[in-house]
Each structure stands twice: as structure tokens, then as C-alpha cells.
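What you see is a predicted model; the values in this text were computed from it and never measured. What's counted below: heavy atoms across the whole structure, side chains too, no hydrogens, waters or symmetry copies. Letters A, B, ... are given to chains in the order of the sequence lines, protein chains preceding strands, and every chain is numbered from 1.
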Protein chains: 4
Amino acid sequence: MNEPTLTRAERQRIQLQADILEAAFLEFSERGYHQTAISDIAKRLGIGHGTFYRHFENKRDILQHVISDTMQKIMSLLTGENAPQAVNNIEEYREQCQRISERFRLFAQENPLTLKLLLLEATSIDAEMTRFIQNLMQMAGIFTANYLKHGVDSGFFRENLDCENTGHNIIGMITNGALRFLANPEDLNGLKNYGDSIIELIIGGVAKPSA
Amino acid sequence: MNEPTLTRAERQRIQLQADILEAAFLEFSERGYHQTAISDIAKRLGIGHGTFYRHFENKRDILQHVISDTMQKIMSLLTGENAPQAVNNIEEYREQCQRISERFRLFAQENPLTLKLLLLEATSIDAEMTRFIQNLMQMAGIFTANYLKHGVDSGFFRENLDCENTGHNIIGMITNGALRFLANPEDLNGLKNYGDSIIELIIGGVAKPSA
Amino acid sequence: MNEPTLTRAERQRIQLQADILEAAFLEFSERGYHQTAISDIAKRLGIGHGTFYRHFENKRDILQHVISDTMQKIMSLLTGENAPQAVNNIEEYREQCQRISERFRLFAQENPLTLKLLLLEATSIDAEMTRFIQNLMQMAGIFTANYLKHGVDSGFFRENLDCENTGHNIIGMITNGALRFLANPEDLNGLKNYGDSIIELIIGGVAKPSA
Amino acid sequence: MNEPTLTRAERQRIQLQADILEAAFLEFSERGYHQTAISDIAKRLGIGHGTFYRHFENKRDILQHVISDTMQKIMSLLTGENAPQAVNNIEEYREQCQRISERFRLFAQENPLTLKLLLLEATSIDAEMTRFIQNLMQMAGIFTANYLKHGVDSGFFRENLDCENTGHNIIGMITNGALRFLANPEDLNGLKNYGDSIIELIIGGVAKPSA
DNA sequence: AATGAATGAGCGTTCATTCAT
DNA sequence: TATGAATGAACGCTCATTCAT
């Protein structure tokens, strides 16, 4: 541990940076990037707005930081217990899906602003930021594909499954669920049903089994 | 035909309005709404920027018009030949999906800026516009659900299908495909594969048929 | 009479000019010169606003005409029956004052916008217009002085009366009455009392007669 | 004295505010409110025009401040030594009038722009400002009435004097004098005579004493 | 290091005036 | 002659950024 070697001033500096990031995140996601003035962020913290420029290059710079931070949060969602390798048959997969679905729902409820920022706000700042979000989606799709590959390898998914594209398909459904949640944050039951229908679609499609 | 009854001045007026709308559409979708000044729109057309205000109330007003216009384009995509009732079994459904998929791909190639404006730009102008887009997605989902209901009624989709949510699921996948296309406009083959994987997922899911 | 020699077109032209003047007067006095756009005047008449420029040089020009017109109205107030020579003693003078006072009150009630335009609005258009109003006041003072001179000459006013300045004094009191009326247009009784107090002050001053 | 407790920054801030007010006063009264741009005020001071908005809400806001300031100046005119109670008979009253008259003339010479702003310019900014000026005149009239009431109570003015209306009469005469001065600022002698004629009119009216 | 006063580029919008039809 | 479309100067106001304290 080398953290104790930080001087008090250094720790204060780091704390202030984190506070500014937090305030910027809240302002950007609540009122939108363009509607947020640097002074709004400073006011929220009770600091002078000149101080802001001691810690971040400019407005665009802190957005980058905020988005990166936010991405960390999202990424952490996709790690942990529900690993691809944890399931061995279609029934276990369905249960895993349900666990992941619930986890996502929980995340959405706890972090609606994060979703709003990433899916609605960050898409239209500038070309670079748009690309950033697109990359994020791409990574999420590839990540999802891993689950599918495991299913194919384990023999409980069909062999001809286009794992990568299907992974992106799934991310599309999840993303749309997030957007629907943002439009109707209080309809938790509807969100649950939406998630369930994703799972059923993934596993069994729409066709009549006998068909 | 009553168009010939329009005076020349009226025709000019209508033409100029259309030109301004077109220019605004291009500016908004290329550089973004907030980055576009009214004078940019005027400059693109070579008109005085005061002229703009003879035809549109204000900047927000023309955005509304641009988006409404754009929505018309999108809506027209969903009408016509490929009606739900046109198919009677799973194989015809798959073929219909392929036709629709191709039609979407064509639209995407011909109207990338339309997609960009709707899916990336318009989501963060203001709360009303965000809601507008969300409604559009909602309508598209319900529209899609009609296809599914027909399949259930006709007996080639499983009876317990949650048509409405699945309709939204499908819209999510399509939307993500559009975003992926915008990130990689030249990868037409990839887009085709993405569309195919949607169709396979919809019809058969991922589970091994025998399972 | 040479008016019949005017062609119909000429008569129409003159009529339209008068209509524009009337409309301009109403707009200027109701909303103020700066708050009135040429198009407001045109709209009120239902004519194209380009037509305006066929009849008047520019916005400032029509104001000049409006004010001149208005001045005519005011001037006509000061002519007619109640001539200086009509009275021979202090009592007749008082009665004449009362008649004039009543006439002014009537005028105020019938032409509040005229007063508003002259006393409130026209004072701050530009230096020339201000001078114009000041001249009007000056003329009114001199005009009033004539009544006083007649009184001195006839022996019922004191010989040492500074007629000219007193004439201006009286105009000041009348003007202030007009302003007070504009602030409280419905208090007709108050206006009457104000006028009466002017008359009493003029004739007898404030000092106790015996003093 | 607690002024020394102000920091230097605070003193600078207050000074700049005062400077902006002064500059706005000069611009508004010299060229008129509508003819004055914020940038004119800034240019006069050699500051950036954005700086203006650090100290005043908007253009209308500073007008209000300027007028309020100006009103203070005017109000201070009406206080002090020449109180109503200071006189006991008609001759002392006349002398008091002369002192006040002289004081007014001095004020007019020293503050011509103040008069111009209040009497010519401020009357036509908007309805609220017009009312503001009308209230000011009303208050001045009531204030003047107090002098008259004292005279009646003390027995050297006639008992039936309508003090309030006569107070307003007097204000009308004074106001007109101010306007005449603005039209002819160099004619100090004329102004003196005008004032004298007010006094004579007030005290003795125009009627021949014997009458 | 923190502050907030100052700056001025930039934008949305208005409207008097011109001129082609 | 009447029209109203077009124009662009002008202005109020915002806010990201700089810098002296």
C-alpha cells in the first residue's frame, strides 16, 4: 500500500477532483451537457468556478472524464459471479439470464442518470464522443458473445449460432429496455416483463417448437 | 391536380421552405443541433439569415419540422407490401423478414444522416424531443408486435409469446443494427450478417432445437 | 371648390394616406413608437407593409406627420368661441376659464391617446422631436399670455402681471393635469377639482385676501 | 465607520458598479434609453460589455437603478432647511419660495441631464416606468401641499384653499419650468423670471387686488 | 492553490428598408 | 401602384476561459 504516502494536500486534491467529477456527472445527466455551465458545476459544490480549471482542462475534458468514469461503472456490471462458464445446460442458462436481468434492472433503478447520460446525452456531443459510445456498445456485444460461445461449445446452443452478431442483437434488446425504462421509470413490472421476453426470445425464438 | 393553381410566388415560397428544411436537416445531422447556427443554415443556401425567420418561427421550430419530416420518411418504411397478413407459415415469415431486412439496409445506406439525426442527435436536444423519439420507438415496437400477433393467431408462433414486449425486443435489435451501421457505414456485409442473425434469433432462439 | 377636380385615384391615395396616419397614431400612442413596427401599422390596416413606403419616407417621417396632425387637433382646441376679448371683468374671466376647463376635460376624455402621445411618448424620440414638443408648449404659453394681456389691458388683472411667464405657468398646470388624468383616467371628479384649483389659483392666488 | 472593513475587492466592485451606473445615466440621458446599447455603456467606461452583466441583471434593470438613483437626488432637493414650518406670514413665505426657487434653478443648472432623463426620457420606456414617474410627480405634489396646509393653518393663506390640488398645480408649473430650461439652458435670466412669476401667481393670483 | 472579476466571441432574434414582381 | 420576400445591421445576452490577487 502506497496510499498512506500521499500527503494530506494530495489526498485533498484527489478528493476535490472526485467531487467535481461527481457534480459534473449529476449536472450533465440531469440538465444535459449543453445546458450545463461550468459555473453550475462549481455552484453545486460551493467552489469558485475558476477552481474547476485547476483540475480539468476545459468543459469537454471533464465530460470525457465523466463518461470514462461512467463506463467503469457499467463495465463493473458485466463482471463477477455470473460468468459464462458457470452454466452447463439450457435451464441453468435461463436462470443465469434471469439473475443478470435482475441485476441490470437493479442497476437501472439505482443509476438512471448513468443510463441517461450514456444513451441519450453522450451520443450527440461530438464525433469522438459518439465513437466512444459506439465502442462501448461494441465491447458489450463482444462480451455477450462469449456467453453464447460457451453455450455452443457446451452443446446446449445450436452449432450454427452466429455468436458475435447475436451478442450484439442481445445488447440491442437490453439497450432498448434501458431506454424504455428511462421513458417510464416507475413501471418496474413492465421492465421485468420486457426482460423476461428477451430471455424467452433468446432461448426459444418465436417459432412454435413443433414447427 | 391542383398544383398548377399555385402562383409562381407560392411555388417559390414552398420550394424555399423545402430548401431551408433540407439545409437544416443536413446541418443538424452533420454537425449537430447545438453546433449549428441559424447563419450556418442560411450560408449553406446562400440566403440572408433573416430570411430563415420568414419561414420558421425559431431554431427549435425548424428542428421540430426536420424531425417530423424525418419521421415521415421512417414511417413510410414500415408501410406497403410487407404487411403482417401476407405470410402463413414460418418459412414465409422468414422470407418476409429477409425482405424487410433488406429494405432497412437499403434505407440505411440511402439515409445515413436520417438515422444519425434520430438515433444520436435528437435524443438530447431537450426533454420534449427526447420524449418524441421515445414515442417513435414505442410506436415502432407496437407496430412490430402486430406481425407477431398475426403469427400467433395463424398458429406458426408459440401461443405463450409476449407479442408486445417481443416487438420492442426486435426494435431494440434493429436500432442497434442502425447504430452499428453508423459506426461502420462501409461494412455492408457485416450489416447483412447482423440482420440475418436477428432473423435467426427471432425465429429459433439460440437453444439447440432438440434440447 | 377644387376638390372635385381630383381624380378618383388621387382621392384614394389621399384617403389611404389618412388611413395610414390614423393607424400609425393609434399604434404609436397605444404601444409606443419604439415598440411599434411598420408591419404593425400595415397589419392594422390590412395593407402590405411595403405600401407604407410609397406614402411615407420612413418610420421617423410618419411620426413627424402623426405629431403634426395631432398638434392640429390640439391647436383647434385653443381657437373658437372662448376668445380673450370675450370677457370684460374678473367674473366673466372665471366663467370663461370654467368653460375652457370643461372643454379641456372633454378633450382629454375623448382623446387620451393624443395626450399620451404628445406628453409621454413624443418627448423621447430624438432631439428634434423633443424640440418640436417644446415649441408646442412655448406656443401654447404665448397663446395663453394673450388672455392675460387682455385682462391687464381691460383693467381686471393687476398691471405688473408678467403675462408671458404667467402664461407658461398656466400651461404647466394644465399639462400636469393632463398627466394626472392619464395616470387616473377614470377619476373625472378629481380632474374637475384639479381644474377648479387652477382657476382659483390663477385668479386669487393663495394669500388671504385681507392680507 | 465600518467602511474600512470592506476589502479592496469589495471597494473595487462597488466603485465599478457606481461607474457603470454613472455611465448608463449619461448615455441614457444624452442619447436616450432606446438609442443606447449596452456596449455603448461599456465602451464609455472602457470595459468589456460582458462585465456589465456581472453587475446588473439586464438593460431594464440598470435603468431602474439609474432612475432610482436619480430620484434620490431629486428627493434630497426637497428636504432640509426650507421646511414648511419655517415661515409665519406671507412675506416669509415669499422669501422661502424665492430660496427654494433659487435652489431649484441651481439644481437645474448642475443636473440638466437628470431633468432630461426624468421628464423627457423616462416617460416612455414602458408602462411601469411611466407609472413610476407619475408616482414621483404625485408625491411631489403631496409634499408641496404640506407647505400650503401650513399656510392655511397659520392663517396667512385663504381658508378655502384646496391644498392638495394646488400642490399639484405648483408642481406642474415647476415641471414646466424645468422643461423650458432644458429647451433653453443658457437663458438663466428667463428661468429666474419664470420662477418669479410662479411665486407671484401663487401668492396673489392675477386678479387686481382691489377687485 | 483557490478565487471570481473580466472578457469578448458568438448566437438567436428583430425589424426598417429595398426592390423585383 | 401595391406587395411582401429578402436582407443584414444591430442588439441583448450567455458563458467558456483567462488571469490578477
Side-chain angles (χ1 to χ4, degrees), chain A residues 9-10 12-13 16 34-43 45-62, chain B residues 7-10 12-13 16-17 20 34-43 45-62, chain C residues 9-10 12-13 16 34-43 45-62, chain D residues 7-10 12-13 16-17 20 34-43 45-62:
Chain A
E10 281 168 331
Q12 274 187 345
R13 180 179 178 79
L16 180 51
H34 289 107
Q35 284 72 45
T36 299
I38 294 298
S39 61
D40 293 325
I41 298 171
K43 234 173 277 161
L45 281 177
I47 65 172
H49 67 272
T51 306
F52 171 89
Y53 286 91
R54 302 214 135 275
H55 296 273
F56 297 92
E57 282 287 303
N58 51 39
K59 192 181 174 184
R60 183 57 174 74
D61 177 47
I62 198 176
Chain B
T7 67
R8 198 154 83 85
E10 280 167 331
Q12 274 187 346
R13 180 180 180 79
L16 180 52
Q17 282 210 16
I20 295 175
H34 288 108
Q35 284 72 40
T36 299
I38 296 298
S39 62
D40 292 326
I41 298 172
K43 239 174 274 162
L45 283 177
I47 64 173
H49 69 271
T51 305
F52 171 90
Y53 287 93
R54 292 191 54 69
H55 296 273
F56 296 93
E57 284 285 304
N58 52 40
K59 192 181 174 184
R60 186 58 173 70
D61 177 46
I62 199 176
Chain C
E10 281 167 331
Q12 274 187 346
R13 181 178 177 80
L16 180 52
H34 288 108
Q35 283 72 42
T36 299
I38 294 298
S39 61
D40 292 326
I41 298 172
K43 235 175 275 161
L45 281 178
I47 64 172
H49 68 272
T51 306
F52 172 90
Y53 285 91
R54 303 213 134 275
H55 296 272
F56 297 93
E57 281 287 302
N58 51 38
K59 192 180 173 183
R60 184 58 175 72
D61 177 47
I62 199 175
Chain D
T7 67
R8 198 155 81 87
E10 280 167 333
Q12 274 188 346
R13 180 180 180 79
L16 181 51
Q17 280 210 18
I20 295 175
H34 288 107
Q35 284 72 41
T36 300
I38 296 298
S39 61
D40 292 326
I41 298 172
K43 239 173 275 162
L45 283 177
I47 64 173
H49 70 270
T51 305
F52 170 90
Y53 287 94
R54 291 192 56 69
H55 296 273
F56 297 93
E57 283 286 304
N58 51 40
K59 192 181 174 184
R60 185 59 172 70
D61 177 47
I62 200 175

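- With rounding to whole Å, A/Asp61 atom CG is found 14 Å from F/dA16 atom P.
- Separating the CD1 atom of A/Ile38 from the P atom of E/dT3 is a distance of 15 Å, rounded to the nearest angstrom.
- By the side-chain hydrogen bond (donor to acceptor under 3.5 Å, both in side chains) test, C/Asn58 is found to be paired with no residue, residues two or more places apart in sequence or in another chain being considered.
- In this structure A/Arg54 satisfies the side-chain contact (heavy atoms from CB on, under 4.5 Å) test with no other residue, sequence neighbours excluded.
- Atom CD of D/Gln17 is separated from atom C1' of E/dG4 by 15 Å (rounded to the nearest Å).
- Among residues two or more places apart in sequence or in another chain, the ring pair (Phe, Tyr, Trp, His ring centres under 6.0 Å) test is passed with A/Tyr53 by none.
- Listed by chain and residue number, B/Arg13, B/Leu16, B/Gln17, B/Ile20, B/Thr51 satisfy the side-chain contact (heavy atoms from CB on, under 4.5 Å) test with B/His55 (two or more places apart in sequence, or in another chain).
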Review item, nucleotides 6-9 of chain F N/O atoms under 3.5 Å of protein N/O:
from	atom 1	to	atom 2	distance (Å)
F/dA6	OP2	B/His55	NE2	2.8
F/dT7	OP2	B/Gly48	N	2.8
F/dT7	OP2	B/Thr51	OG1	2.5
F/dG8	N7	B/Gly50	N	3.4
F/dA9	N6	B/His49	NE2	3.0

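- Whole-Å rounding puts the A/Glu57 CD to F/dT17 C1' distance at 12 Å.
- How far NE2 of A/His34 is from NZ of A/Lys59: 6.5 Å, rounded to the nearest 0.5 Å.
- Each of C/Thr36 and B/Arg60 lies near DNA chain E, and the nucleotide nearest B/Arg60 is the one positioned closer to the 5' end.
- C/Ala37 meets the side-chain contact (heavy atoms from CB on, under 4.5 Å) test with C/Ser39, C/Asp40; sequence neighbours excluded.
- Listed by chain and residue number, nothing satisfies the side-chain hydrogen bond (donor to acceptor under 3.5 Å, both in side chains) test with D/His49 (two or more places apart in sequence, or in another chain).
- Taking atom CD on D/Gln35 and atom P on F/dG12, their separation rounds to 11 Å, with Å as the unit.
- Counting to the nearest Å, the C1' atom of E/dA16 and the NE2 atom of D/His34 are 15 Å from each other.
- Judged as a side-chain contact (heavy atoms from CB on, under 4.5 Å), and not counting sequence neighbours, the contacts of C/Glu10 are C/Leu6, C/Thr7.
- In this structure, CG of D/Asn58 is placed 9 Å from C1' of F/dC13, rounded to the nearest angstrom.
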Dot-bracket encoding per residue of DNA chain F, Watson-Crick/G-U cut-off under 3.5 Å, | denoting interstrand: .||||||||||||||||||||
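- Proximity note for B/Tyr53 (side chain, C-beta onward) versus F/dC13, E/dG12, E/dA16: the nearest is E/dG12.
- When rounded to the nearest whole Å, the span between CZ of C/Phe56 and P of E/dT18 equals 16 Å.
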